[in-house]
Amino acid sequence: MPQAPPSNSRIAEALDELGDLYELDGAVIHRVLAYRNAATVVRDAPVSVAALTSAGRVTELAGIGATLEQKIRDLIETGDIPAAVKLRTRFPAGLLELTHLPGLGPKRARRLFDELGIDSPQALREAAQAQRLRSLRGFGAKFEEAMLEALADAAPRPRARRTTLDRALAVGEQLLGALRELDPAARIELAGSSRRRAESVKDLDVVLDNPELLDRVGSLELIESASRTSAGAATARTHNGVRVELRAVAPEQFGNLLQHLTGSARHNAALRERAVRAGLHVSEYGVLDDATQTTRTFAGEEELYGALGLRYIEPELREDRGEIEAAAAGALPKLIELDDIRGDLHTHTTASDGTTTIAELALAARERGHAYLAITDHSATHGFGNEVSPDQLRRQIELIHEADAEIDGIRLLAGSEVNVLPDGRLDYDDELLAALDWVIASVHTAFSIGSEAMTARVLAAASHPLVDALGHLTGRMIERRAPYAIDVDAVIAACADSGTLLEINSSPRRRDLNEVHARAAAAAGVGLLINSDAHSPAGLDALRYGVWTARRAWLGPEQVLNTLEWPALERRLKRHR
DNA sequence: GCCGTTTTCGGCCCGACTGTTTTCAGTCG
């Protein structure tokens with residue numbers, strides 16, 4: 001029986017596992033890294049890798065050659081990779097798990113397995129408690145302690161939870177403001193994943209050019225504790241538990257350190273590999289030239305990238321997804337900016353679960369420069385007790401039109417965020433939907449119906465002539481809830497076909513579509529939207545998170561349709577075509 | 001295992017830290 005083709009994330013998982021197995025088997029590290037690299041490339045691919053493989057084109061992806069093509073083909077056709085099946089008989093799953101403990105890598109895990117028979121976290125705990133690890137050459141009491149600590153940490157929560165970007169930035173922007181008050185002349189920048197505007201961050205990285213500030217961080221109101229870790233570094237913790245790493249550097253070297261700490265690790269590795277081919281060695285301290293044996297430093301990142309023969313690369317693009325090649329060819333995209341957005345097409349009022357009235361929200365949107373605003377309260381079966389019945393919606397449409405007539409300077413659109421029922425039907429009948437200016441359809445209930453049913457459900461909504469767009473397609477909540485099972489590729493294809501738009505929901509908890517799906521949708525020719533999903537006036541400001549997701553998806557303003565004025569956008573809707 | 005302004009072999013980013021070591025391997029970011 002033909003199986004559904006494996007998703008990109010499933011293929012990536014299999015390649016990661018095989019890399020781990022080869023590593024335990026003692027393969028040369030570069031072979032292992034090739035598998036890990038391939039896993040990331042597959043995970044980030046903007047198209048279905050299974051489909052690409054079937055079409056014989058998978059080796060077009062950088063890092064996938066003939067061998068990996070065959071392994072992916074095996075996975076698609078048989079559901080597994082023969083090499084992995086074989087290695088699994090030699091290395092138990094518990095051993096693989098051990099290599100993921102902090103402080104324990106494949107080399108030492110393998111020795112524990114070979115010499116002490118340790119093949120699971122439980123066996124490691126018992127051996128550490130019995131102080132049997134120190135009998136091995138190169139292992140000592142400190143290592144036993146470290147392992148017990150790592151095991152204790154790992155047990156209650158499988159992995160340390162990361163902080164969503166909004167929570168990290170709330171602290172980061174406040175911290176930068178406080179530091180700038182201490183020294184208005186200093187250069188102070190965020191680096192790391194928060195500067196790349198990633199979905200979540202582990203900690204905050206701050207780069208500054210005044211080392212004296214490192215000693216004064218502890219005196220700031222939002223800091224719980226701080227300590228100097230070296231001449232040029234300090235670490236701190238905020239009262240709400242965000243870790244901050246601060247680094248100070250001379251102004252003439254600021255660009256080097258900022259670039260280094262902004263990352264990502266993959267971007268930096270790819271950048272350095274490319275530089276080596278030109279006889280240049282890049283580190284956080286400078287660029288060493290083989291030919292002259294001199295190290296050049298740079299005050300700014302622009303000059304640093306320039307010295308490597310590259311255009312400046314925006315932080316959001318620095319994920320090794322082709323940006324270095326594009327920068328070398330002068331082919332980087334012009335990315336969308338917050339100011340490009342002309343209107344917001346997904347918001348809530350007190351008619352459903354919002355906290356604000358139509359008029360308040362309209363004025364707040366006008367203040368933010370929006371030319372139009374769709375009020376899209378939840379429909380009749382939202383299921384949380386704050387839904388809008390058909391009669392209430394008829395009244396709501398009148399209220400929105402009245403407010404539109406009263407308030408100048410912004411166009412108010414009568415809309416709805418219509419629930420997609422488990423069988424694909426919508427909450428309101430077509431006559432009522434046709435009375436609305438704007439309809440966005442979303443799934444809010446029955447997440448666990450399985451990929452096939454969920455895909456059919458959403459495809460039914462996408463094909464409805466009165467559904468203008470689909471909201472938060474995968475239902476994921478960052479760091480809290482995995483996306484429900486759904487064939488995103490199939491939905492993208494259907495939207496490209498029907499002219500249904502796809503939303504990038506800007507709520508910092510959602511950012512759904514994510515950047516990989518958004519890039520795939522744009523590549524398929526689907527029109528995208530960036531909406532706030534605001535439930536209050538302040539919620540309108542969430543748009544920047546959606547814009548950052550769009551930038552990480554390489555999108556320009558022309559691919560995001562709410563950069564258009566409403567009349568131009570309205571003409572693009574499928575119901576008017 | 002991949003890849004080529006080193007094209008079919010011989011390389012493959014850079015540095016800090018840790019614990020156990022007398023010079024370094026392993027791990028991490």
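Below, each value reflects all heavy atoms present in this structure, side chains not excepted, and no hydrogens, waters or symmetry copies. By convention in this document, chain letters (A, B, ...) are assigned in the order of the sequence lines, proteins followed by strands, and residues within each chain are numbered from 1.
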Checking B:dC2, B:dT22, B:dG26 against the side chain of A:Leu68 (C-beta onward), the nearest is B:dC2

Rounded to the nearest Å, what distance is computed from the CZ atom of residue A:Arg134 to the P atom of nucleotide B:dT20?
9 Å

What is the separation between atom CD on A:Glu144 and atom P on B:dT20, rounded to the nearest whole Å?
9 Å

Sugar-phosphate, base or nothing in reach of A:Ala275, heavy atoms under 4.0 Å
nothing

Less than 4.0 Å between a side-chain N and a carboxylate O, is that true for A:Lys107 and A:Glu23?
no

Which residue in the set A:Leu208, A:Asn210, A:Asp215 passes side-chain contact (heavy atoms from CB on, under 4.5 Å) when paired with A:Glu212?
A:Asn210

Would you indicate what A:Ala328 reaches in the nucleic acid, counting non-hydrogen atoms under 4.0 angstrom: base, sugar-phosphate, or nothing?
nothing

Rounding to a whole Å, what distance do you find between A:Arg277:CZ and B:dG10:P?
18 Å

Rounded to whole angstrom, note down the P distance from B:dG15 over to B:dT20.
27 Å

Stepwise side chain to side chain contact (heavy atoms under 4.5 Å, CB included) test for A:Leu257 and A:Tyr285
CA-CA 7 Å; A:Leu257 185 59; A:Tyr285 303 107; over 6 Å; no

Considering every strand and a 4.0 Å limit on heavy-atom distances, what is the contact class for A:Ala38: base, sugar-phosphate, or nothing?
nothing

Side chain of A:Pro102 (C-beta onward), nearest among B:dC14, B:dT27, B:dC28:
B:dC28

Mind checking if A:Val32 touches a base, just sugar-phosphate, or nothing, with heavy atoms under 4.0 Å?
nothing

Nearest nucleotide by nearest heavy atom, which residue falls closer to the 5' end of DNA chain B, A:Leu280 or A:Ile64?
A:Ile64

Note, A:Trp548 side chain near A:Leu165 side chain (heavy atom, < 4.5 Å):
yes

Can you identify which nucleotide, out of B:dT27, B:dG1, B:dA16, has its nearest atom closest to the A:Pro106 side chain?
B:dT27

Please report the distance separating the P of B:dC14 from the corresponding atom of B:dT8, rounded so that it comes out in whole Å.
24 Å

Within this structure, what is the CZ-to-P distance between A:Arg31 and B:dG10, rounded to whole angstrom?
19 Å

So what does A:Leu271 touch, heavy atoms closer than 4.0 Å: a base, only the sugar-phosphate, or nothing?
nothing

Shortest non-hydrogen separation from A:Gly255 to A:Leu304 and the atoms involved
O-CD2, 3.9 Å

May I have the distance from A:Asn256 (atom CG) to B:dC14 (atom P), rounded to whole angstrom?
14 Å

Just the rounded figure in Å: distance from P of B:dC17 to CD of A:Glu284.
10 Å

Does the pair A:Gln259 and A:Asn268 meet the rule for a side chain to side chain donor-acceptor pair (under 3.5 Å), with working shown?
CA-CA 8 Å; A:Gln259 195 285 323; A:Asn268 284 354; 3.0 Å; yes

Gap in Å between the two P atoms, one belonging to B:dT6 and one to B:dC2, rounded:
22 Å

Could you say whether A:Ala278 or A:Arg274 is positioned toward the 5' end of DNA chain B, judged by the nucleotide with the nearest heavy atom to each?
A:Ala278

Looking only at atom P, what distance separates B:dG26 and B:dT21, rounded to whole Å?
13 Å

Can you tell me, in whole Å, how much space there is between the C1' of B:dG11 and that of B:dT5?
16 Å

Of the listed nucleotides (B:dG15, B:dG1, B:dG19), which one gets closest to any side-chain atom of A:Lys142?
B:dG19

Separation of A:Arg551 CZ from A:Glu314 CD (nearest 0.5 Å)
5.0 Å

Send over the distance from A:Glu149 CD to B:dG19 P, rounded to a whole Å.
11 Å

How many Å lie between CG on A:Leu136 and C1' on B:dA25, as a whole number?
15 Å

Would you mind classifying the nucleic acid contact of A:Arg108 as base, sugar-phosphate or nothing, using non-hydrogen atoms under 4.0 angstrom?
sugar-phosphate

Given B:dC14, is OP1 or OP2 found less than 4.0 Å from the side-chain N or O atoms of A:His281?
yes

Closest to the A:Phe143 side chain: B:dC12, B:dT22, B:dT20?
B:dT20

Pair partner, B:dT8 [Watson-Crick or wobble, under 3.5 Å]:
none

